[in-house]
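Read through the structure below, which is laid out as structure tokens, and then see the notes.
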Amino acid sequence: MKKNKPFMTKNCLITGAPVTDENDSRAHVIPSAIGGRLKPKGLLCGDANGILNGSVDLALVRAFEPIMSLLDGSRDRGSNSPVRMTDASGRAYEVAFGKPLTLTRPEFSMEVLADRSVIVQVSARTVPELRTLLGRVRARFPDFDIDAVVRQAAVQHSRPGRLRGQLQLGPASTFPAAYVAASIFAAHRGFTPHPELATYVASLDPQPDPVPLPPDTFLWHQPRWFDVDGEVSHILALIGDPKAGLMLAFVEYFGIASVAVILPYAGSTPIRETYAIDILTGKEASVRIDEAVLAKLPWSASHQLSDPAFQTDMVERINRVIGIAQERSRGAAIETIFDETVGPTDGRKLIIEEQKALEERLAQFLLDIICED
């Protein structure tokens with residue numbers, strides 16, 4: 001009986017150069033910056049990793065970085081960057097998980113009225129920054145008492161209503177990354193990558209405009225044909241069909257963008273290979289395939305980008321993940337309110353003043369949530 005012959009390589013999948021102990025470089029199947037953990041060796045040289053970082057990974061990271069930050073996703077190195085969002089008036093803020101909102105830049109205005117009185121308005125992110133801005137007032141009015149104003153300055157804890165941000169989740173960022181991830185994952189599991197992998201990656205350096213879409217790659221937003229033990233996960237799956245001589249490689253980012261790639265398959269038996277990472281915990285998650293559902297799904301594009309059904313599905317998926325991010329953020333915010341208001345209690349009872357301050361902060365927090373919603 002003919003058995004599956006594993007794919008073997010001693011050469012880099014991208015450059016074709018021999019992979020040696022000196023140039024062997026871990027292949028980031030999914031970038032660390034968005035929670036990836038799978039990093040097999042023996043597939044890429046250092047030069048190839050540099051090429052992929054700039055031509056493929058960067059666009060994917062930029063597309064999903066806001067989601068990663070709002071979720072406070074787990075990553076094995078580095079930290080999540082704040083997200084830039086704006087309120088209804090256009091004022092911009094940096095939103096960082098579990099931290100107070102901060103303006104992206106300070107604000108200062110000074111107006112001299114007809115009666116020669118002066119109105120000064122300052123919004124600063126730190127006390128030193130406030131002092132610097134007030135220095136503009138003292139430069140014009142030498143008797144201006146900066147220390148007195150700083151003592152009277154108010155720290156604003158309330159949120160400015162609903163904030164808005166932008167997500168750039170298009171095929172130009174997800175398709176190239178999914179195509180490369182599918183091929184690397186297949187090679188890692190002993191199967192043949194896409195035959196045009198190296199040629200396609202070479203076409204991206206230098207980055208063309210528009211970005212060419214990879215071959216045999218398409219949207220695959222199908223009815224749920226698997227379950228995963230993770231609230232928000234990245235998923236990789238390989239489905240090998242010996243009769244067709246093809247393999248469907250499935251890549252899903254954050255439970256939002258689902259992409260499939262058709263690869264060659266020379267095995268004689270059906271195969272199922274899966275991998276998932278729980279983005280919230282950083283732990284590997286198990287995947288269970290519903291074979292009855294999978295058997296009914298065609299290996300072709302489930303939607304075109306302009307399909308209303310696809311747009312509705314994307315909105316639902318994004319809203320689900322944003323809802324999880326909001327719940328996590330609110331839980332962290334409540335913990336911060338307790339820490340800032342009463343500090344460590346060590347089992348002691350709160351005094352009246354602490355209870356009152358805590359009630360006021362929590363009431364304002366709940367009011368802010370109502371205004372957001």
Taking every heavy atom of Leu213 against every heavy atom of Pro171, the minimum-distance pair comes out as CD2-O, 3.8 Å

Just so I know, are the side chains of Ile14 and Leu44 near enough to count as touching, which here means a heavy-atom distance under 4.5 Å?
yes

For His234 and Phe254, take the angle between the two ring planes, folded into 0 to 90°, and tell me which bin it lands in: parallel under 30, tilted 30 to 60, perpendicular over 60.
perpendicular

Hey, what's the ring geometry for Phe185 with Tyr275, parallel, tilted or perpendicular (30° and 60° as the breaks)?
tilted

May I ask you to say whether Arg138 pairs ionically with Asp143, meaning some side-chain N is under 4.0 Å from a carboxylate O?
no

Is it true that Ser32 and Arg37 share a donor-acceptor pair across their side chains at a distance under 3.5 Å?
no

Other residues, nucleotides, ligands: >12 heavy atoms within 6.0 Å of Lys283 NZ
no

Checking one residue: Ile262. Which other hydrophobic residues are in its cluster under the side-chain 4.5 Å linking rule?
Phe218, Trp220, Trp225, Phe226, Val228, Ile235, Ile239, Leu246, Leu248, Phe250, Val287, Ile289, Val293, Leu294, Leu297, Trp299

Quick one: do Thr281 and Ser74 satisfy side chain to side chain contact (heavy atoms under 4.5 Å, CB included)? Show the steps, please.
CA-CA 6 Å; Thr281 65; Ser74 173; 5.9 Å; no

So, Glu291 and Arg272, do they make that salt bridge, N to O below 4.0 Å?
yes

From CZ (Arg62) to CG (Leu169), nearest 0.5 Å:
14.5 Å

What donor-acceptor contacts under 3.5 angstrom involve side-chain atoms of residues 49-60, with partners at least two apart or in another chain?
from  : atom 1 : to    : atom 2 : distance (Å)
Asn49 : ND2    : Ser25 : OG     : 2.5
Asn49 : ND2    : Arg26 : O      : 2.5
Asn53 : ND2    : Asn49 : O      : 3.2
Ser55 : OG     : Ile51 : O      : 2.7

Nearest-0.5 Å distance, CD1 of residue Ile277 to OG of residue Ser233
8.0 Å

Mind checking the CD-CD spacing from Glu316 to Gln311? Nearest 0.5 Å is all I need.
12.5 Å

Go through Leu13 and Leu197 one step at a time and tell me if the side chain to side chain contact (heavy atoms under 4.5 Å, CB included) criterion holds.
CA-CA 8 Å; Leu13 296 177; Leu197 174 64; 4.0 Å; yes

Main-chain N/O of Ala148 paired with Asp145 side-chain donor or acceptor, under 3.5 Å
yes

For salt bridge (Lys or Arg N to Asp or Glu O under 4.0 Å), just list the numbers for Arg224 and Asp290, CA-CA rounded to whole Å, side-chain angles, deciding distance to a tenth of an Å, and then say yes or no.
CA-CA 8 Å; Arg224 227 48 186 165; Asp290 187 328; over 6 Å; no

Look only at the side chain of Arg91 and the backbone of Thr104, and say whether a donor-acceptor pair between them is shorter than 3.5 Å.
no

Give a yes or no answer on whether the side chain of Ser117 reaches the backbone of Leu113 with a donor-acceptor pair at less than 3.5 Å.
no

Closest approach of Pro242 and Thr269, non-hydrogen atoms and distance?
CG-C, 3.8 Å

Counting distance only, does the side-chain N/O of Ser203 pair as donor-acceptor with the main-chain N or O of Tyr200 below 3.5 Å?
yes

Looking at Arg131 and Asp147, is there a salt bridge between them, counting it only when a charged N and a carboxylate O are closer than 4.0 Å?
yes

For Glu65, is there an ion pair with Arg75 - N to carboxylate O distance below 4.0 angstrom?
no

Flag, side chain of Asp24 to backbone of Gly42, donor-acceptor distance under 3.5 Å:
yes

Donor-acceptor contact present, side-chain His194 to main-chain Glu196, <3.5 Å:
yes

Can you check side chain to side chain contact (heavy atoms under 4.5 Å, CB included) on Val259 and Phe175, steps first, answer last?
CA-CA 7 Å; Val259 180; Phe175 276 34; 4.0 Å; yes

Apart from Val122 itself, residues in the same hydrophobic cluster as defined by side-chain heavy atoms under 4.5 Å
Phe108, Met110, Val112, Val118, Val120, Val127, Leu130, Leu133, Leu134, Val137, Phe141, Phe144, Ile146, Val149, Val150

Taking the side chain as everything from C-beta on, heavy atoms only, tell me whether Ile30 gets closer than 4.5 Å to Leu38.
no

All heavy atoms of Arg84 vs all of Thr86, minimum pair found to be NH1-CG2, 4.1 Å

Heavy atoms of Asn80 and Ala33 approach each other most closely as OD1-O, 4.3 Å

Indicate the atoms forming the closest heavy-atom contact of Gly35 with Met68, along with that distance.
N-CE, 3.4 Å

Close side-chain approach of Pro195 and Pro264, heavy atoms under 4.5 Å
yes

As an exercise, state the distance from CG of Leu305 to CG of Leu219, rounded to the nearest 0.5 Å.
5.5 Å

Between Ser183 (side chain only) and Val180 (backbone N and O only), is there a donor and an acceptor less than 3.5 Å apart?
no

Residue pair Thr15 / Cys45, side-chain heavy-atom distance below 4.5 Å:
yes

Under 3.5 Å side-chain donor-acceptor pair for Asp87 and Tyr93:
yes

Report, as yes or no, whether the 6.0 Å neighbourhood of atom CZ on Arg140 holds more than 12 heavy atoms from other residues, nucleotides or ligands.
no

I'd like to know if the side chain of Thr217 and the backbone of Pro215 have a donor-acceptor N/O pair within less than 3.5 Å.
yes

Using modelled atom types only, decide if a donor and an acceptor are shared between the side chain of Thr174 and the backbone of Gly170 within a distance under 3.5 Å.
yes

In this structure, OG of Ser69 is separated from CD of Glu94 (nearest 0.5 Å) by 10.5 Å

Given side chains that start at C-beta, do those of Ile67 and Ile279 come closer than 4.5 Å, heavy atoms only?
no

Please determine whether residues Val19 and Val201 belong to a single hydrophobic cluster, defined as Ile, Leu, Val, Met, Phe, Trp and Tyr linked transitively by side-chain heavy-atom distances below 4.5 Å.
no

Could you state the interatomic distance from CD (Glu273) to CG (Leu236), rounded to the nearest 0.5 Å?
11.5 Å

Side chain proximity check, Leu43 to His188, heavy atoms < 4.5 angstrom:
yes

Ser258 and Arg317: side chain donor to acceptor below 3.5 Å:
yes

Looking only at atom types and distance, does a side-chain atom of Asp216 sit under 3.5 Å from a main-chain N or O of Ala260, one as donor and one as acceptor?
no

Go through the steps for Tyr265 and Leu238 under the test side chain to side chain contact (heavy atoms under 4.5 Å, CB included), then give the verdict.
CA-CA 10 Å; Tyr265 178 59; Leu238 302 173; over 6 Å; no

Locate the shortest heavy-atom distance separating Ala186 from Leu263; write the atom from each residue and the value.
CB-CD1, 3.7 Å

Ser286 vs Asp229, side chain to side chain donor-acceptor pair (under 3.5 Å): CA-CA, chis, key distance, verdict:
CA-CA 6 Å; Ser286 62; Asp229 290 332; 2.4 Å; yes

